Structure formats: structure tokens, C-alpha cells
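Have a look at the structure below before the remarks.
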Amino acid sequence: DVVDVSKGNQPAASGTVIDALNRFGSALIVGASVLPENLRNQLVSKVPQQTTLSMKSLQDMDIIGFAIDQPSLNLSFRIDAHFTVAASAKDAQDTISGLISVAKGTSQDPNVKTALGNIQISTNNSWLSIRDLISPTDVMNLVSTTQTQK
């Protein structure tokens with residue numbers, strides 16, 4: 001219970017999920033979870049075999065977390081994933097970057113291309129971070145694009 005921990009009546013929670021949550025600091029909304037092994041295996045097995053991008057590195061992902069924050073008027077989105085093998089974090093970075101490039105290349109909409117171009121992907125040891133900062137103008141452009149396509 002948060003109240004008991006803050007008053008010092010209970011020991012604070014600890015472990016890998018808490019460590020993942022602490023990576024995000026004081027964001028508005030945060031969450032983290034250990035990924036069950038069967039889910040990790042499904043991430044890879046559900047991808048069509050004829051795709052040119054390998055999703056195998058995702059099998060080494062064991063913890064995933066997210067944060068949504070609002071610095072000024074913008075919305076900040078961040079996903080952090082921990083990998084049991086550091087090389088898999090780098091492989092996942094390459095895979096996700098490739099998927100974004102393909103999506104940008106196949107999209108005809110300049111608003112979608114701009115939104116995809118703003119996504120930043122980085123690695124630090126066994127951690128992969130995906131970040132995006134969306135302005136109110138970007139949100140309105142994407143919403144108008146979605147409504148136009150219906």
C-alpha cells in the first residue's frame with residue numbers, strides 16, 4: 001500500500017519492474033511489466049516469414065515499460081525495453097528503425113511521414129528506448145489525416 005510505504009510502515013517495493021518504473025522519473029503516467037516467455041515467443045512466431053526484417057531479437061526482451069508526460073504543451077511518449085542480451089537491444093533498434101523507414105517510404109501523407117520522422121530510438125547497454133514528442137499541431141494534423149481517410 002502506497003500510504004503505508006510513504007509513512008514507513010512497510011518496506012518499499014523493489015526488483016526489476018520497480019527499477020524499470022524508476023527509469024521514467026516523475027512522468028504523468030508510467031507502467032512496467034515483465035513479459036511472459038510465451039508472449040515473447042508469439043512476438044516472433046506471428047510475424048510472416050517472408051518479411052525482410054528479423055524479429056528474433058524480441059525474444060530476448062524481458063521487461064517493458066512506458067511513460068506519458070506533458071512537458072509544456074507537448075505530449076511525450078516513451079517506451080523502454082530491457083533485453084537479456086545487450087546485442088539484441090541493438091538488433092531490435094535496427095529492426096524498429098527499419099520498420100519506421102518502410103512505413104515512411106510507403107506513406108503518401110506528409111503528416112504521417114513527419115510523425116514517424118520525429119521518433120527517436122536509442123540503446124544503452126541492454127536497454128532500448130523509443131521516444132516521441134508530439135505537439136498539439138502534430139496531433140491535429142494526424143487527427144485530420146485520419147478523418148480524411150475514412
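Excluded from the calculations below are hydrogen atoms, water molecules and symmetry mates; all remaining heavy atoms, backbone and side chain alike, are included. Not measured: the values here are computed from a predicted model.
- Cluster membership for L21 and L28, using ILVMFWY side-chain heavy atoms within less than 4.5 angstrom, is not shared.
- Annotation: side chain to side chain donor-acceptor pair (under 3.5 Å) contacts involving residues 76-86, sequence neighbours excluded, comprise R23-D80, D62-H82, R78-D80, D80-S129.
- Both L58 and I119 sit in one connected hydrophobic cluster of ILVMFWY residues. Membership requires side-chain heavy atoms under 4.5 Å apart, directly or through other members.
- In this structure, S126 has no side-chain hydrogen bond (donor to acceptor under 3.5 Å, both in side chains) partners at least two apart in sequence or on a different chain.
- The distance from atom CD1 of I96 to atom CG of D91, rounded to the nearest 0.5 Å, is 11.0 Å.
- Judged by distance alone, the side chain of S107 and the main-chain N or O of A103 form no donor-acceptor pair under 3.5 Å.
- Residues D109 and N111 come closest through the heavy atom pair OD1-N, 2.6 Å.
- Residues satisfying the salt bridge (Lys or Arg N to Asp or Glu O under 4.0 Å) criterion with K90, sequence neighbours excluded, are D94.
- Pairs of residues two or more places apart, or lying in two chains, never qualify as salt bridge (Lys or Arg N to Asp or Glu O under 4.0 Å) while including a residue from residues 128-143.
- With sequence neighbours excluded, the residues forming a side chain to side chain contact (heavy atoms under 4.5 Å, CB included) with T137 are S135, N141, listed by chain and number.
- No continuous path of ILVMFWY side-chain contacts below 4.5 Å connects V85 to M61, so the two sit in separate hydrophobic clusters.
- Formation of a donor-acceptor pair under 3.5 Å by the Q93 side chain with backbone atoms of L128 is not found in this model.
- The heavy-atom pair separating S97 from I121 by the smallest distance is OG-CD1, 3.6 Å.
- Residues F24 and I29 fall into different hydrophobic clusters, defined by Ile, Leu, Val, Met, Phe, Trp and Tyr side chains chained together at heavy-atom separations under 4.5 Å.
- Every residue two or more places apart in sequence or in another chain that forms a side chain to side chain contact (heavy atoms under 4.5 Å, CB included) with K104 is listed here: I100, L116.
- The stretch residues 87-124 participates, sequence neighbours left out, in no ring pair (Phe, Tyr, Trp, His ring centres under 6.0 Å) pair at all.
- Looking at residues two or more places apart in sequence or on another chain, you find no side-chain hydrogen bond (donor to acceptor under 3.5 Å, both in side chains) involving D69.
- Taken together through direct or relayed side-chain contacts under 4.5 Å among Ile, Leu, Val, Met, Phe, Trp and Tyr, I64 and V17 form parts of separate hydrophobic clusters.
- The list of ring pair (Phe, Tyr, Trp, His ring centres under 6.0 Å) pairs with a residue in residues 55-76, not counting sequence neighbours, is empty.
- Residues passing the side chain to side chain contact (heavy atoms under 4.5 Å, CB included) test with E37, sequence neighbours excluded: R40, N41.
- Under the side chain to side chain contact (heavy atoms under 4.5 Å, CB included) criterion, A20 pairs with A32, I63, W127, not counting sequence neighbours.
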